[in-house]
Amino acid sequence: MINLHDIRYVRLGTANLDDARRYATQILGLQVAREANGAVYFRSDSRDHTLCYYEGDPRETTTAFEVTSSDELEHAAVLLERNAFSVVHGSREDAEVRHVNELIRFKDPSGNNIELVLRPHASGSRYFPSRDAGITGFSHIGLRTTDARRDEDFWTRLANARVSDRIGEAPLLRIDEVHHKIALFPSSHAGVQHINHQVESIDDLMRAYYFLRERNIKILFGPGRHPTSGAVFLYFEGPDGMTYEYSTGVSHIRAEDDSSHQPRQFPGVSSSYCAWGSKPDIPEFKA
Ligand SMILES: O=C/C=C/C(C(=O)O)=C(/O)C(=O)O
Ligand SMILES: [Fe+2]
């Protein structure tokens with residue numbers, strides 16, 4: 001079993017690094033950790049970085065998960081290879097660029113780029129956001145899947161993910177007590193579908209709504225409440241067509257309830273995505 005300890009960072013190629021930097025700081029509100037070798041690293045919490053934009057193809061998206069020991073990393077590599085996934089061991093330079101001690105890379109069955117990293121760096125300095133967006137940290141991603149059942153099997157059988165709920169064929173998967181850290185949304189192609197940051201309160205979310213509208217940032221969904229995790233959310237458009245989400249109040253499934261938790265099946269209708277009646281302008285969320 002691949003033991004995913006936590007989601008760690010997303011790496012995104014971009015054709016315009018200046019625009020991406022401006023957006024990530026002035027709109028999203030993240031802190032620049034550093035700029036180096038054609039890449040900008042952003043912090044959202046106490047970690048070294050949780051987002052990296054680099055000069056490259058915007059269709060190239062990568063998600064990293066932390067594993068907790070060298071044995072776990074090696075075990076994951078062996079298990080993946082045994083199941084016919086091709087695994088690349090990151091070089092020393094790859095690890096340095098990612099501010100981790102070691103990593104392996106592979107593609108999930110849909111072709112999503114996944115990295116497993118060992119000892120990703122923490123930061124000794126306090127997170128100091130570029131604007132007061134109320135961000136408390138990077139929390140989850142939506143991943144596109146070309147076959148939701150197959151990929152649910154991959155994440156839950158080969159790795160330690162568990163299904164918290166499903167909307168239609170889309171599973172929301174947890175790897176710790178948080179309702180979900182990965183959500184798989186059916187699509188014709190692979191790639192990160194959305195990037196979630198938690199904010200402190202509904203006030204932050206509503207402040208963001210007016211802030212974004214004033215700056216002509218396209219609101220894609222919300223404000224609303226997800227019936228699944230109970231989180232209040234707002235989705236909006238980022239550089240290169242990426243979707244960003246702020247949400248607050250995501251539910252937890254406590255360790256003592258983990259084995260008895262029964263995923264709920266929500267139908268693929270709009271009220272399963274938002275309990276308040278907001279309609280998504282996001283293809284993967286359209287009922
Ligand atoms: O619309 C479906 C999304 C559900 C949730 C949730 O329950 O919080 C997400 O955050 C998501 O996967 O986007
Ligand atoms: Fe989300």
Side-chain angles (χ1 to χ4, degrees), residues 1-4 6-13 57-65 67 75-88 104-116 139-176 178-196 220-221 226-229 235 240-243 245 253 261-273 280-287:
M1 173 98 84
I2 304 169
N3 223 342
L4 306 172
D6 202 356
I7 192 163
R8 190 65 197 198
Y9 58 70
V10 173
R11 291 175 61 82
L12 303 174
D57 186 341
R59 288 169 301 186
E60 209 171 272
T61 63
T62 301
T63 309
F65 296 89
V67 298
H75 171 68
V78 169
L79 191 62
L80 285 162
E81 274 168 351
R82 210 182 288 149
N83 283 274
F85 292 90
S86 69
V87 176
V88 177
I104 62 169
R105 277 200 291 268
F106 66 97
K107 286 182 192 291
D108 81 355
S110 282
N112 288 298
N113 298 310
I114 307 295
E115 295 180 351
L116 300 182
S139 188
H140 72 251
I141 47 142
L143 261 193
R144 295 192 177 89
T145 168
T146 55
D147 183 335
R149 285 193 189 180
R150 176 199 62 202
D151 290 1
E152 179 185 310
D153 264 11
F154 170 79
W155 289 101
T156 58
R157 287 172 194 245
L158 236 52
N160 59 335
R162 279 95 69 211
V163 180
S164 290
D165 284 313
R166 291 187 190 85
I167 306 178
E169 290 297 303
L172 305 179
L173 302 170
R174 69 185 182 283
I175 54 176
D176 54 22
V178 178
H179 181 274
H180 59 284
K181 292 279 171 92
I182 312 165
L184 302 176
F185 295 108
S187 174
S188 59
H189 56 283
V192 171
Q193 181 261 356
H194 78 268
I195 300 174
N196 172 282
L220 298 173
F221 191 18
H226 286 307
T228 36
S229 70
Y235 293 79
D240 308 299
M242 179 51 69
T243 297
E245 176 188 22
I253 295 164
H261 178 80
Q262 179 62 24
R264 294 167 296 175
Q265 175 66 56
F266 288 83
V269 297
S270 62
S271 60
S272 299
Y273 293 91
D281 191 2
I282 298 174
E284 294 81 9
F285 290 175
K286 292 230 164 107

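With H226 contributing its side chain and Y273 its backbone, the two residues share a donor-acceptor pair below 3.5 Å. Judged purely by atom type and a 3.5 angstrom limit, R144 uses its side chain to pair as donor or acceptor with the backbone of V192. With R264 contributing its side chain and T228 its backbone, the two residues share a donor-acceptor pair below 3.5 Å. Although no hydrogens or angles enter the test, the distance criterion places a donor-acceptor pair under 3.5 Å between the side chain of S272 and the main chain of P267. A distance-only check finds no donor-acceptor pair linking the side chain of N112 to the backbone of A190 [under 3.5 Å]. Between the side chain of R174 and the main chain of V163, a donor-acceptor pair closer than 3.5 Å is present. In this structure a side-chain-to-backbone donor-acceptor pair under 3.5 Å is missing from E81 to S86.
Relative orientation of the F285 and H194 rings is perpendicular, given thresholds of 30° and 60° on the angle between their planes.
Taking NZ of K181 as the reference point, atom CG of L4 lies at 11.0 Å (rounded to 0.5 Å).
Using a 3.5 Å distance cut-off with no hydrogens or angles, the side chains of R150 and S110 do pair a donor with an acceptor. If you check the side chains of H179 and D165, you find a donor sitting under 3.5 Å from an acceptor.
Put simply, the side chain of W155 reaches to within 4.5 Å of the side chain of L143, judged on heavy atoms.
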